[in-house]
Amino acid sequence: SDPVAGFWMPTSSTRFYPDFVCELTDGRVLVVEYKGSHISGMAKEIEKGEVGKVWAECSGGKALFVMVFKTVDGKNVPQQLDAVIDSKH
């Protein structure tokens with residue numbers, strides 16, 4: 001069942017609740033969804049990433065979204081987080 005209160009995003013079939021919602025020291029909101037690489041290509045996981053991307057783009061620079069994996073292009077999780085935070089300055 002759905003939590004009584006929580007941050008969620010809509011998908012075509014349900015809601016998804018990202019793993020982390022963080023307020024950065026500069027006031028922006030960072031939403032993080034962590035995924036195992038073995039499911040990264042699943043349609044519902046791709047959809048979550050696309051929904052998060054659109055949500056962040058519509059925020060006027062007030063929000064960031066990232067779907068992180070153990071490694072992506074040789075970057076570990078902290079490096080992936082740094083890249084999304086630093087790319088919006």
Side-chain angles (χ1 to χ4, degrees):
S1 71
D2 287 338
V4 173
F7 180 85
W8 58 270
M9 294 182 178
T11 65
S12 61
S13 61
T14 188
R15 297 175 178 177
F16 95 90
Y17 296 84
D19 296 312
F20 301 96
V21 178
C22 316
E23 182 178 2
L24 302 177
T25 57
D26 63 11
R28 293 178 297 166
V29 174
L30 171 64
V31 173
V32 180
E33 178 74 356
Y34 182 83
K35 292 293 171 196
S37 59
H38 64 289
I39 61 170
S40 64
M42 292 176 64
K44 70 178 186 173
E45 302 308 328
I46 293 169
E47 181 182 16
K48 289 176 185 179
E50 292 299 315
V51 167
K53 180 180 173 184
V54 169
W55 172 80
E57 288 172 354
C58 292
S59 75
K62 295 179 182 179
L64 304 169
F65 176 87
V66 62
M67 188 172 283
V68 296
F69 302 90
K70 185 175 181 179
T71 58
V72 172
D73 298 329
K75 294 179 182 174
N76 62 24
V77 171
Q79 291 168 325
Q80 293 170 61
L81 293 172
D82 285 344
V84 75
I85 291 168
D86 293 342
S87 71
K88 303 300 179 184
H89 281 217

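Only this structure's heavy atoms are used, side chains among them; waters, hydrogens and symmetry mates stay out. Residue numbers start at 1 and run along the sequence shown.
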Checklist outcome for this item: All heavy atoms of Q80 vs all of V72, minimum pair found to be OE1-CG2, 3.5 Å

Item to check | Gap between atom CZ of F69 and atom CD of E33 - 0.5 Å precision | outcome: 9.0 Å

Item to check | From CA spacing to verdict: salt bridge (Lys or Arg N to Asp or Glu O under 4.0 Å), E45, K48 | outcome: CA-CA 5 Å; E45 302 308 328; K48 289 176 185 179; 3.5 Å; yes

Item to check | Backbone of V29 reached by a side-chain donor or acceptor of E23 within 3.5 Å | outcome: no

Next on the checklist: Has D73 got a side-chain atom pairing as donor or acceptor with K75's backbone, closer than 3.5 angstrom?
Outcome noted: no

Checklist entry - In the single-linkage hydrophobic clustering (I, L, V, M, F, W, Y; side-chain heavy atoms under 4.5 Å), do I85 and Y34 co-cluster? => result yes

Item to check | Shortest non-hydrogen contact from M9 toward V31 | outcome: CE-CG1, 4.2 Å

Item to check | Nearest-0.5 Å distance, SG of residue C22 to CG of residue L81 | outcome: 8.0 Å

Checklist entry - Roughly how far, to the nearest 0.5 Å, is the CE atom of M67 from the CG atom of D19? => result 9.0 Å

Checklist entry - Does the T11 side chain pair with the main chain of T14, one donor and one acceptor, at a distance under 3.5 Å? => result yes

Item to check | Check: F65 and E57 side chains under 4.5 Å, non-hydrogen atoms | outcome: no

Checklist entry - What are the two closest heavy atoms between F7 and P18, and how far apart are they? => result O-CD, 3.5 Å

Checklist entry - Below 4.5 Å, heavy atoms only, C-beta onward: do L30 and L64 meet side chain to side chain? => result yes

Checklist entry - Is it true that atom CZ of F20 has more than 12 heavy atoms of other residues, nucleotides or ligands lying nearer than 6.0 Å? => result no

Next on the checklist: Using the rule given for side chain to side chain contact (heavy atoms under 4.5 Å, CB included), can you reason through E47 versus F16, listing the C-alpha separation, both sets of side-chain angles and the distance that settles it, and then say yes or no?
Outcome noted: CA-CA 10 Å; E47 181 182 16; F16 95 90; over 6 Å; no

